[in-house]
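Structure first, then comments.
Numbers here simply count residues along the sequence, with the first being 1.
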Amino acid sequence: MNSSTNLSLVTSFQQLDPPALMEAAEQAGFSPTGQFWQLNSYENRVFDLVLESGERVIAKFYRSGRWSKAAILEEHQFLFDLQKEGIPAVPPKLLSNDQSLMQIGGLFVAFFPKQMGKMPDELLEKDFAQIGRRLAQIHNIGARKKFVERPVLTQTPFHMWENLGILSDWVAPEVWHRYEEVAILIIEQIEAEFANHQHLNQQFIRIHGDLHRGNLLLNPPNEYFFVDFDDCCMGPEVQDFWMLFSDWDSSTEKDLLLQGYEELRRPPREQFRWIPLLRGLRLQSYASWIARRWQDPSFPRIFPHFNTYNYWASETDSLWQCWRTFEASHDE
């Protein structure tokens with residue numbers, strides 16, 4: 001299959017035309033039919049390829065400049081570690097060079113097996129205990145090693161203060177003073193909390209890092225497993241809890257999740273008061289991520305309201321809600 005693109009010159013997602021995609025798969029040792037679908041992914045470019053054998057593989061092209069080769073390989077090793085222990089995980093395939101990663105021009109690419117599963121329509125009370133047990137298994141394995149190349153939670157993908165500096169050029173001027181005030185309160189409190197709990201900080205483990213319901217899949221035997229470890233990092237266990245709740249302060253869901261978790265691992269109860277701060281950190285990190293990616297043609301289309309007054313007024317109110325919730329829990 002001849003390509004119209006010189007793969008050695010591919011440096012951006014815009015150059016990933018179908019011939020280049022097929023030739024990349026061939027170089028990895030696969031025999032694609034030419035049939036493929038592009039899957040939803042804001043940060044990377046992900047394709048579902050049909051092979052001549054009838055098998056389907058997922059090609060994941062990593063955004064250039066975000067992670068080093070060593071950091072990506074640490075993500076892969078975490079997935080291999082989970083699979084080795086019998087935990088449902090989807091590590092990449094070993095390629096023709098016996099590696100899990102190859103480089104195409106300026107882009108890294110990995111190929112994953114097509115994993116059947118569906119996103120749950122909703123999580124019922126009975127589901128939380130199962131998810132808690134699975135999360136405890138992942139954390140038990142995550143605690144056995146440390147990431148060396150991947151960052152600590154407060155530094156991924158960029159430092160908190162740098163994020164705020166970037167947002168100073170984006171936040172609507174009418175609300176910037178209030179936004180900056182509460183953002184500083186949250187950042188300084190996170191630094192203080194982690195400094196005051198150095199014994200916890202030193203015990204940060206390998207975590208998923210972005211465990212929301214969209215990264216939960218249910219396979220045919222009705223078994224939950226987690227996908228998209230692209231943001232895995234060193235961090236506190238609680239980061240992998242709070243985004244699973246429909247209401248991030250839901251005591252019922254939290255109790256049920258902990259019920260399953262503590263069957264296999266001591267729950268990080270002392271970390272749960274950090275949830276409002278972590279939510280505030282995520283709001284800032286998410287906004288700075290959009291700002292950093294604004295030159296990607298897809299981002300203005302996906303986030304058309306990002307640079308509007310209403311967007312930033314809402315973001316500012318949400319940050320203040322996080323701060324007030326933390327203060328209220330701190331005073332109890």
If we only count heavy atoms from C-beta on, is the [X] to [Y] side-chain gap below 4.5 Å?
| X | Y | answer |
| --- | --- | --- |
| Leu216 | Leu244 | yes |
| Thr252 | Glu125 | yes |
| Tyr224 | Asn219 | no |
| Glu26 | Pro32 | yes |
| Phe326 | Leu277 | yes |
| Pro276 | Trp323 | no |
| Trp161 | Ile184 | yes |
| Gln14 | Pro297 | yes |

Side-chain donor-acceptor pair present, [X], [Y], cut-off under 3.5 Å:
| X | Y | answer |
| --- | --- | --- |
| Thr308 | Asn310 | no |
| Glu253 | Ser246 | yes |
| Glu181 | Trp176 | no |
| Arg265 | Asn140 | yes |

So, [X] and [Y], do they make that salt bridge, N to O below 4.0 Å?
| X | Y | value |
| --- | --- | --- |
| Arg293 | Glu43 | yes |
| Glu237 | Arg269 | no |
| Glu55 | Lys93 | yes |
| Arg282 | Asp210 | yes |
| Glu327 | Arg273 | no |
| Asp231 | Arg66 | yes |

* **For Phe108, all residues meeting ring-ring contact (aromatic ring centres under 6.0 Å, His included), sequence neighbours excluded** =>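 ring-ring contact (aromatic ring centres under 6.0 Å, His included) check on Phe108 returns nothing, list empty.
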
* Listed partners of Phe303 passing ring-ring contact (aromatic ring centres under 6.0 Å, His included), at least two apart ->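 ring-ring contact (aromatic ring centres under 6.0 Å, His included) list for Phe303, sorted by chain: Tyr42, Phe299.
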
For residues [X] and [Y], report the shortest heavy-atom separation together with the two atoms involved.
| X | Y | answer |
| --- | --- | --- |
| Asn44 | Phe61 | CB-O, 3.2 Å |
| Cys233 | Gly209 | SG-CA, 4.5 Å |
| Ser318 | Arg279 | O-NH1, 4.1 Å |
| Ala59 | Leu49 | CB-CD1, 4.1 Å |
| Val109 | Leu101 | O-CD1, 3.5 Å |
| Pro92 | Leu79 | CD-CD1, 4.3 Å |

* **ring pair (Phe, Tyr, Trp, His ring centres under 6.0 Å) contacts in which one or both residues fall within residues 132-155, not counting sequence neighbours** =>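 Counting only pairs at least two positions apart or across chains, the ring pair (Phe, Tyr, Trp, His ring centres under 6.0 Å) contacts touching residues 132-155 are Phe78-Phe147, His139-Tyr261.
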
* Asked: Atom CZ of Phe111 and atom CG of Leu94: how far apart are they, to the nearest 0.5 Å?
  ->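 Between Phe111 CZ and Leu94 CG, I get 13.0 Å after rounding to 0.5 Å.
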
* Asked: Taking atom CD of Glu223 and atom CD1 of Ile131, what is their separation to the nearest 0.5 Å?
  ->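 Glu223 atom CD to Ile131 atom CD1 measures 12.0 Å (nearest 0.5 Å).
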
Are [Y] and [X] linked, directly or through intermediate hydrophobic residues, by side-chain heavy-atom contacts shorter than 4.5 Å (ILVMFWY only)?
| X | Y | result |
| --- | --- | --- |
| Leu39 | Val50 | no |
| Ile58 | Val227 | yes |
| Phe112 | Val46 | yes |
| Trp274 | Ile207 | no |
| Phe80 | Met102 | no |

* To do: Please confirm whether the backbone N or O of Ser12 pairs with a side-chain atom of Gln15, one donor and one acceptor, at under 3.5 Å?
  =>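 Such a contact is found between Gln15 side chain and Ser12 backbone.
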
* Worked verdict on Asn163 versus Arg292 for side-chain hydrogen bond (donor to acceptor under 3.5 Å, both in side chains) -> CA-CA 9 Å; Asn163 286 341; Arg292 292 174 188 272; 3.3 Å; yes

* Asked: Centre of Trp67's six-membered ring, under 6.0 Å away, within 45 degrees of the axis: is that where NZ or CZ of Arg150 sits?
  ->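 Yes, a cation-pi geometry holds between Arg150 and Trp67.
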
* **Aromatic contact, Phe306 with Trp312 (centres under 6.0 Å)** =>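 When the ring centroids of Phe306 and Trp312 are compared, they turn out to be within the sub-6.0 Å range.
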
* To do: Quick one: which residue pairs count as a salt bridge (charged side-chain N to carboxylate O under 4.0 Å, His left out) with a foot in residues 313-325, not counting sequence neighbours?
  =>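 The answer is Arg178-Asp317.
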
* Counterpart residues, side chain to side chain donor-acceptor pair (under 3.5 Å), relative to Trp294 (two or more places apart) ->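 For Trp294, no residue satisfies side chain to side chain donor-acceptor pair (under 3.5 Å) once neighbours in sequence are set aside.
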
* Is there any side chain to side chain donor-acceptor pair (under 3.5 Å) pair reaching into residues 68-79, and which pairs are they, with sequence neighbours excluded? ->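 Counting only pairs at least two positions apart or across chains, the side chain to side chain donor-acceptor pair (under 3.5 Å) contacts touching residues 68-79 are Tyr62-Glu75, Tyr62-His76, His76-Ser100, Gln77-Asp81.
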
* To do: Mind running side-chain hydrogen bond (donor to acceptor under 3.5 Å, both in side chains) on Gln130 and Arg133 for me, showing each step along the way?
  => CA-CA 5 Å; Gln130 182 190 151; Arg133 285 190 292 273; over 6 Å; no

* Given Phe241, which of Ile275, Leu257, Leu278 fulfils the side chain to side chain contact (heavy atoms under 4.5 Å, CB included) condition? ->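 For Phe241, the side chain to side chain contact (heavy atoms under 4.5 Å, CB included) test succeeds with only one of Ile275, Leu257, Leu278, which is Leu257.
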
